[in-house]
Amino acid sequence: MWQAEARVDLAAISDNVTRLKPASGAELMAVVKADGYGHGMVPAARAALAGGATWLGVCTIEEALGLRAAGITVPVLAWLLAPGLELHRPVAADVDLSAASVPLLDEITAAARQAGKTARVHLKADTGLTRGGAAVADWPALVEAAAKAQADGAIEVIGIWSHFAYADAPGHPTIARQISGFGEALDVAAGFGVRPPYRHLANSAATLTLPQAHFDLVRPGISVYGYSPIPGTTAEYGLRPAMTLRARVMLAKRAPAGAGVSYGHTYHTERETTVAVVPLGYADGISRAASNAGPVQLGGKRRRIAGRVCMDQFAVDVGDDPVRAGDVATVFGPGDDGEPTADDWADLLDTISYEIVTRVGQRVPRVHEPSEER
Ligand SMILES: *Cc1c(COP(=O)(O)O)cnc(C)c1O
């Protein structure tokens with residue numbers, strides 16, 4: 001018997017990937033960083049590959065090595081590298097590495113020599129996000145250094161890539177500027193003889209709305225897990241949310257009128273009622289900011305959290321409905337049974353579905369369906 005769980009519908013992940021695959025034939029890199037957006041990195045990766053992904057994307061070296069340790073052999077790109085890491089480990093494991101500066105490229109070159117292998121590199125250009133990526137002024141020097149390292153056999157430039165700032169607002173003027181900036185970065189690289197097989201720019205939003213940004217490879221993340229980054233369009237794109245967060249009521253009891261509920265008594269019962277206690281709290285990813293507000297499906301109805309969300313539990317006032325210990329309270333899911341979605345939670349908390357699904361705590365078991373042993 002389970003107490004609280006995040007069920008993950010692996011068929012939904014596979015189906016979402018199939019739906020996202022570009023008609024142009026561009027390949028698809030499923031982004032499985034942050035434990036597969038909270039869904040479990042390895043099972044999510046396998047489901048995405050079953051749906052037609054041919055690449056996987058992560059941030060850290062440990063994430064990439066975790067995929068390799070699970071026996072996954074497809075190309076994996078890791079793109080968040082501080083200086084001074086032991087880069088011979090990912091190079092030896094055939095992990096593609098992103099470089100946005102000459103010093104990092106030098107570290108990769110040295111790691112390749114140490115590993116006795118050619119390192120696979122993706123050069124990252126900043127086309128307007130002003131986050132990762134080489135600035136326009138620094139790009140020629142990076143490309144020149146990469147061309148030299150490639151001629152020396154230390155690296156192979158597999159990709160040139162960039163990332164959008166505003167693709168979730170279709171039509172925003174920065175989008176066209178970034179696409180043309182990316183074209184200029186490719187031209188500069190070609191001028192140094194660097195013409196890699198994979199040019200990639202599109203996140204979920206651009207995968208869904210901007211075929212002209214698909215190039216050779218798209219990099220969707222949130223949409224793989226069934227949410228559109230463009231507000232209100234999840235159903236329109238035929239995506240299916242993969243995660244259902246739910247828990248069993250641990251105690252349902254009658255409380256008198258005027259009872260203060262949970263810490264600080266920020267909620268008082270209006271009349272005699274049943275209070276159901278659900279074993280999920282802010283340590284499990286239920287934001288404390290959802291106190292007296294968070295939506296929950298329980299006993300066939302949509303209800304709200306009563307009083308403060310605690311570290312490990314919250315309460316729901318269910319009136320005189322026959323809710324009992326053991327009944328299932330669904331915090332969010334695909335919405336089939338009237339339960340809230342992660343989009344509903346995101347709207348309430350002034351955030352995005354990404355944050356709702358990734359912050360489900362480690363204490364909540366991920367239960368994959370169908371089970372991984374297929
Ligand atoms: C997270 C991430 C993605 C995926 O973005 P979504 O909006 O979730 O599709 C793609 N590329 C990079 C560089 C990322 O960091």
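Counting starts at 1 for both ligands and their atoms, in listed order. Here the structure is a predicted model, which is why all the values come from computation and not from measurement.
- Here the shortest heavy-atom distance to atom 7 (O) of ligand 1, taken over Phe164, Tyr354, Tyr227, belongs to Tyr354.
- Which of Met29, Arg131, Lys33, His163 comes nearest to atom 15 (O) of ligand 1 through a heavy atom is settled by distance: it is Lys33.
- Listed by atom number, the atoms of ligand 1 under 4.0 Å from Ile222 heavy atoms are 6 (P), 8 (O), 9 (O).
- Taking 4.0 Å as the cut-off, Pro229 does not count as a neighbour of ligand 1 on heavy-atom distance.
- Close N/O approach between Gly221 and ligand 1 is found [any backbone or side-chain N/O within under 3.5 Å].
- Using a 4.0 Å cut-off to heavy atoms of Pro220, the atoms of ligand 1 that qualify are 9 (O).
- A cation-pi arrangement, defined by a distance under 6.0 Å to the six-membered ring centre and an angle within 45 degrees of its axis, is absent between Arg199 and Trp161.
- Follow the hydrophobic side-chain contacts under 4.5 Å out from Val277 and you never reach Ile286; the two are in separate clusters.
- There is a side-chain donor-acceptor pair under 3.5 Å between Ser223 and Ser204.
- Distance CG/Asp347 to OG1/Thr341: 7.5 Å, rounded to 0.5 Å.
- The atoms of ligand 1 that sit less than 4.0 Å from any heavy atom of Trp161 are 13 (C).
- Nearest non-hydrogen protein atom to atom 11 (N) of ligand 1 is Arg219 NE, 3.0 Å.
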**Message:** For Glu62 and Arg89: C-alpha separation, side-chain torsions, deciding distance, then whether side chain to side chain contact (heavy atoms under 4.5 Å, CB included) applies.
**Reply:** CA-CA 10 Å; Glu62 294 312 320; Arg89 296 168 62 227; 3.1 Å; yes
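- Between Asp336 and Arg240 there is a salt bridge, since a side-chain N of the basic residue sits under 4.0 Å from a carboxylate O of the acidic one.
- For ligand 1, none of its N or O atoms has an N or O atom of Val31 under 3.5 Å away.
- The closest protein non-hydrogen atom to atom 9 (O) of ligand 1 is Ser204 OG, 2.5 Å.
- Nearest non-hydrogen protein atom to atom 8 (O) of ligand 1 is Tyr37 OH, 2.5 Å.
- The residues Asp321 and Arg303 are annotated as salt-bridged, a charged nitrogen and a carboxylate oxygen being separated by less than 4.0 angstrom.
- Shown here is Arg68, whose CZ atom has more than 12 heavy atoms of other residues, nucleotides or ligands within 6.0 Å.
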